[in-house]
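Okay, so here's the structure we're looking at.
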Amino acid sequence: MKEQLRACILKGIEGCFADGTLTSGAVPAISVEKPAHAEHGDFATNVAMQMAKAERKSPKAIADIIVKKLAGSSDLIESLEVAGPGFINFFIKDSAWRRVLNAIDTAGDEYGKSTAGAGKKVQVEFVSANPTGPLHIGHGRGAATGDAVASLLTAAGFNVQREYYINDAGNQMNTLGLSGLLRYKELLGEQIDFPENCYQGDYIKDIARDAIAKHGDRFLKAPQEEGVAFFAKMGGDLILRGIDDDLKDFGISFDNWFSEQSLFDEGKVPSAIKEMQEKGHIYEQEGALWFRTTAFGDDKDRVVVRSNGVTTYFASDIAYHRDKYARGFDWVIDVWGADHHGYVPRLKAVVQGLGRKADDLGIILVQLVALLRDGAPVAMSTRSGEFVTLKEVVDEVGRDAARFFFLMRRSDSQLDFDLELAKRQSADNPVYYVQYAHARIKSIFDTARERGVQPDFENVKLELLESADDMSLIKKLSLYPETLESAALNFEPHRITYFLQDLAGEFHSFYNKSRVITEEPELTNARLFLLHCTAVVLKNALTVLGISAPERM
RNA sequence: GGGCGGGUAGCUCAGUUGGAUAGAGUACUGGCCUCCGAAGCCAGGGGUCAUGGGUUCGAAUCCCAUCUCGCCCA
């Protein structure tokens, strides 16, 4: 609707240039907005104000000229007026609004999708937790956000791949191996001293038990290195499988799992370093190799290879991101916990060092989650092993509520997740409020069927939808495509949760004021059509967030 | 000490990328089921948009400084 109006305004202004009523010949970018107040119309534009300087006329005078030209020029416009300091307000014809319903019905599941992405290859990398322990609630927010952003981008016409990066090459794997070996010895009756920096959680004991079942006590006498290596490998694999299971229960599956170790096995780390050296981004100082990230705005240079010859995580990250672009992704998006924000400048530097634009790497920082139970904080500490896992949360509140809550706030603000609220089946729980709207519509269709009403969507008399409540519901539905697109391009899934709450509210309000199943068959049919379209949009918006749209609850 | 993110109604948060009289949920108060799902709706009160300056026709939004909370780095 906005786009149609924009085209219409552009044509009008060009018409003014053609007949000389306006003279500058320069058309600014036309912004069409939805005014905050209904009496200012359905849409408003400020072009007249933007053109004031070039035209050497007052905004009002220009607006008058444009309004005169536009009057009666389009079947979209019911009326238009000049208001305030030079706004042009547009009132759209009801008949034009109603055509939105046909678009929704025709497109169905596809309604809201766009081709803005033009098939461009995008990779979204998210979660990427170390395989040293189960996913906790913070990973859950990253998982929900990454998955939703990937779905949003798909809906916006991008060709999206979901990837999980496994940090299986660093020192933490040795720590995992040692933790497993010590618990193993302990279970077999040895006195051990369990260091504080080892992983404390009970899952380590499960790994040790598993090893005993399969391999008996053979690592008791084997050299320490052999035991550590065994438990690192075995524990890592087991934990990774558990992570995959937890994510699947959360409705997330990755297209690709990428191992850090594979970068070393395939020689990609040295070759990446070599390329950067050749391009002059890496220099040697005091026996270490440094990446000149300051050349791209970082506040200091970063070590790639230490003087003892050991590569840093940063070296892996260089090789990894180089590999992503080599695999043909035009746009690479990383979803990180906000505590990693310090890495943003150096990774942006790497991307530019590779000869790409800084914007070819998008980074979404997801802030912390505070878990509450009836308003009181739930203690969490990774070190002690007493953290709340994603699995526990999903088991307790359900997948839909967990996803909705994780996506309810902007990523860069901290999130309070109240377990009791998420479980509650009442109006103050936004998930149920939204899902209830969908179930309620389905229930109305059931009732219609019981009463022998046969919906006939081939022959709907749209003009019967004329009440203020009909129209405001239709107008809300029409906002979905632009909401979806801006949510996608800005990595802001929370816009969809807000839209859903708005739309559900609009529907519930409509329902309380307007009878759907009436004595007049044609009106009943038209209103059923309106509800059918509402259900389509509710379902599409829920689906893109990975949340179900139940028929009954 | 430097950097990143935040500060909007009692509480939790939106705010369409600079637009007109700043919104929602929740809580509070009062109403609405003989009727398609009351898991719902309607009405009301509630604000120095942290503070001070600047940019312009116009600022919660952009710039500078200060205060404050969280995190990262030394």
Side-chain angles (χ1 to χ4, degrees), chain A residues 2 29 31-41 43-50 52-53 58-60 83-89 297-300 302 336-346 363 365-368 370 372 375 405 408-418 421 424-451 453 469 479 482-483 485-487 489-490 492 494-495 497-499 501-502 504-519 524 527-528 531 550-553:
Chain A
K2 235 183 219 180
S31 100
V32 175
E33 312 239 337
K34 185 177 178 298
H37 301 278
E39 63 265 32
H40 294 137
F43 296 105
T45 182
N46 60 352
V47 271
M49 288 136 99
Q50 293 179 307
K53 226 171 217 170
S58 77
K60 276 202 152 165
F87 289 104
I88 303 174
N89 294 340
D298 198 4
D299 49 6
K300 60 182 188 182
R302 307 289 172 176
W336 295 347
D339 52 342
H340 290 92
H341 73 259
Y343 293 88
V344 173
R346 76 189 71 166
I363 296 174
L365 296 173
V366 180
Q367 286 284 352
L368 293 176
L372 307 177
F405 270 64
M408 226 165 27
R409 303 283 176 241
R410 239 174 48 220
S411 301
D412 52 12
S413 83
Q414 290 191 17
L415 172 71
D416 288 338
F417 190 127
D418 194 312
L421 177 59
R424 211 171 296 156
Q425 313 227 338
S426 67
D428 46 355
N429 182 348
V431 193
Y432 282 88
Y433 183 75
V434 172
Q435 290 184 319
Y436 175 58
H438 188 265
R440 203 177 201 185
I441 291 172
K442 294 299 166 185
S443 160
I444 295 166
F445 273 88
D446 288 345
T447 306
R449 204 169 305 119
E450 283 164 22
R451 297 187 187 176
V453 177
D469 299 308
L479 291 177
E482 63 197 74
T483 305
E485 187 171 314
S486 76
L489 297 177
N490 294 293
E492 290 184 330
H494 75 277
R495 293 195 190 199
T497 63
Y498 275 89
F499 172 78
Q501 293 178 80
D502 270 4
E506 202 69 60
F507 162 72
H508 287 308
S509 171
F510 164 87
Y511 172 85
N512 270 272
K513 286 188 228 156
S514 314
R515 286 204 69 75
V516 177
I517 303 170
T518 66
E519 300 301 315
T524 301
R527 292 217 162 131
L528 283 173
L531 291 204
E551 311 267 312
R552 266 180 207 82
M553 22 194 321

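Worth saying up front: this structure is predicted, and the values here are computed from it rather than measured.
For B:C42, the OP1/OP2 oxygens have a side-chain nitrogen or oxygen of A:Ser509 closer than 4.0 Å. For the OP1/OP2 pair of B:G6 and a distance below 4.0 Å, the side-chain nitrogens and oxygens of A:Arg410 include at least one atom meeting the criterion. Put simply, A:Thr447 has no side-chain N or O that comes within less than 4.0 Å of OP1 or OP2 on B:C36. Put simply, A:Arg527 has no side-chain N or O that comes within less than 4.0 Å of OP1 or OP2 on B:C36. Side-chain nitrogen and oxygen atoms of A:Tyr432 include none within less than 4.0 Å of the OP1 or OP2 phosphate oxygen of B:A38. For A:Ser413 and B:A14, the shortest distance from a side-chain N or O to OP1 or OP2 is below 4.0 Å. Between B:G15 and A:His494, a contact under 4.0 Å exists linking OP1 or OP2 to a side-chain N or O. Within the 4.0 Å cut-off from OP1 or OP2 of B:A38, at least one side-chain nitrogen or oxygen of A:Tyr511 is found.
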| Is there a side chain to side chain donor-acceptor pair (under 3.5 Å) between A:Ser486 and A:Arg495 once you walk through the steps? | CA-CA 8 Å; A:Ser486 76; A:Arg495 293 195 190 199; 3.0 Å; yes
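A:Met553 comes within contact range of at least one nucleobase, with a heavy-atom separation under 4.0 Å. When heavy atoms are screened at a 4.0 angstrom cut-off, A:Asp298 is found touching no nucleic acid atom at all. Nucleic acid contact for A:Thr497: none, since no nucleic acid atom lies under 4.0 Å from a heavy atom of the residue. Contact annotation for A:Ala83: base contact, defined as any heavy-atom pair under 4.0 Å involving a base atom. No contact: A:His340 has no heavy atom under 4.0 Å from any strand. Counting any heavy atom pair closer than 4.0 Å across all strands shown, A:His341 reaches a base atom. Among the atoms of the strands shown, only primed sugar atoms or phosphate atoms (P, OP1, OP2) are found under 4.0 Å from some heavy atom of A:Gln367. A:Arg552 comes within 4.0 angstrom of a base, heavy atoms only. Counting non-hydrogen atoms under 4.0 angstrom, A:Ala448 reaches nothing in the nucleic acid. Among the protein residues, A:Ala437 comes within range of no part of the nucleic acid, since none of its heavy atoms lies under 4.0 Å from any strand. Among the atoms of the strands shown, none is found under 4.0 Å from any heavy atom of A:Gln50.
When rounded to the nearest whole Å, the span between CG of A:Asn89 and C1' of B:U21 equals 14 Å. Whole-Å rounding puts the A:Tyr343 OH to B:A74 C1' distance at 14 Å. Rounded to an integer number of Å, the gap from A:Asp416 CG to B:A14 P is 11 Å. As rounded to whole Å, 14 Å separates atom P of B:G6 from atom CG of A:Leu368. Between the P atom of B:G37 and the CG atom of A:Leu531 lies a distance of 11 Å, rounded to the nearest Å. Between the CD atom of A:Gln414 and the P atom of B:U68 there is a distance of 18 Å, rounded to whole Å. Taking atom CG of residue A:Asp412 and atom P of nucleotide B:G70, one finds them 18 Å apart after rounding to whole Å. In this structure, the CZ atom of A:Phe510 is 15 Å from the P atom of B:C36, given to the nearest Å.
More than 12 heavy-atom neighbours from other residues, nucleotides or ligands sit within 6.0 angstrom of CD on A:Glu39.
Under the side-chain contact (heavy atoms from CB on, under 4.5 Å) criterion, A:Leu368 pairs with no residue at all, not counting sequence neighbours.
In this structure, A:Tyr436 has its ring center under 6.0 Å from that of A:His508.
Annotation: side chain of A:Glu485 is not in contact with side chain of A:Glu482 (no heavy-atom distance under 4.5 Å). Side-chain atoms of A:Pro430 and A:Gln501, non-hydrogen and from C-beta on, do get closer than 4.5 Å to each other.
Between A:Asp446 and A:Arg552 there is a salt bridge, with a side-chain nitrogen of the basic residue lying less than 4.0 Å from a carboxylate oxygen of the acidic one. The residues A:Arg410 and A:Glu492 are annotated as not salt-bridged, no charged nitrogen and carboxylate oxygen being separated by less than 4.0 angstrom. Electrostatic pairing of A:Asp298 and A:Arg302 counts as a salt bridge here, judged by a charged N lying under 4.0 Å from a carboxylate O.
Stem analysis of RNA chain B (Watson-Crick or G-U pairs, both distances under 3.5 Å, runs of at least three) returns B:1-7 with B:67-73, B:10-13 with B:23-26, B:28-32 with B:40-44, B:50-54 with B:62-66.
Both thresholds, 5.5 Å between centres and 30° between ring planes, are met by A:Phe87 relative to the base of B:A20, so the two rings are stacked.
You'll find that the side chain of A:Tyr498 is closest to B:A14, out of B:G23, B:G37, B:A14. In this structure, of B:G19, B:G37, B:A20, it is B:G37 that holds the atom nearest to the side chain of A:Ser443.
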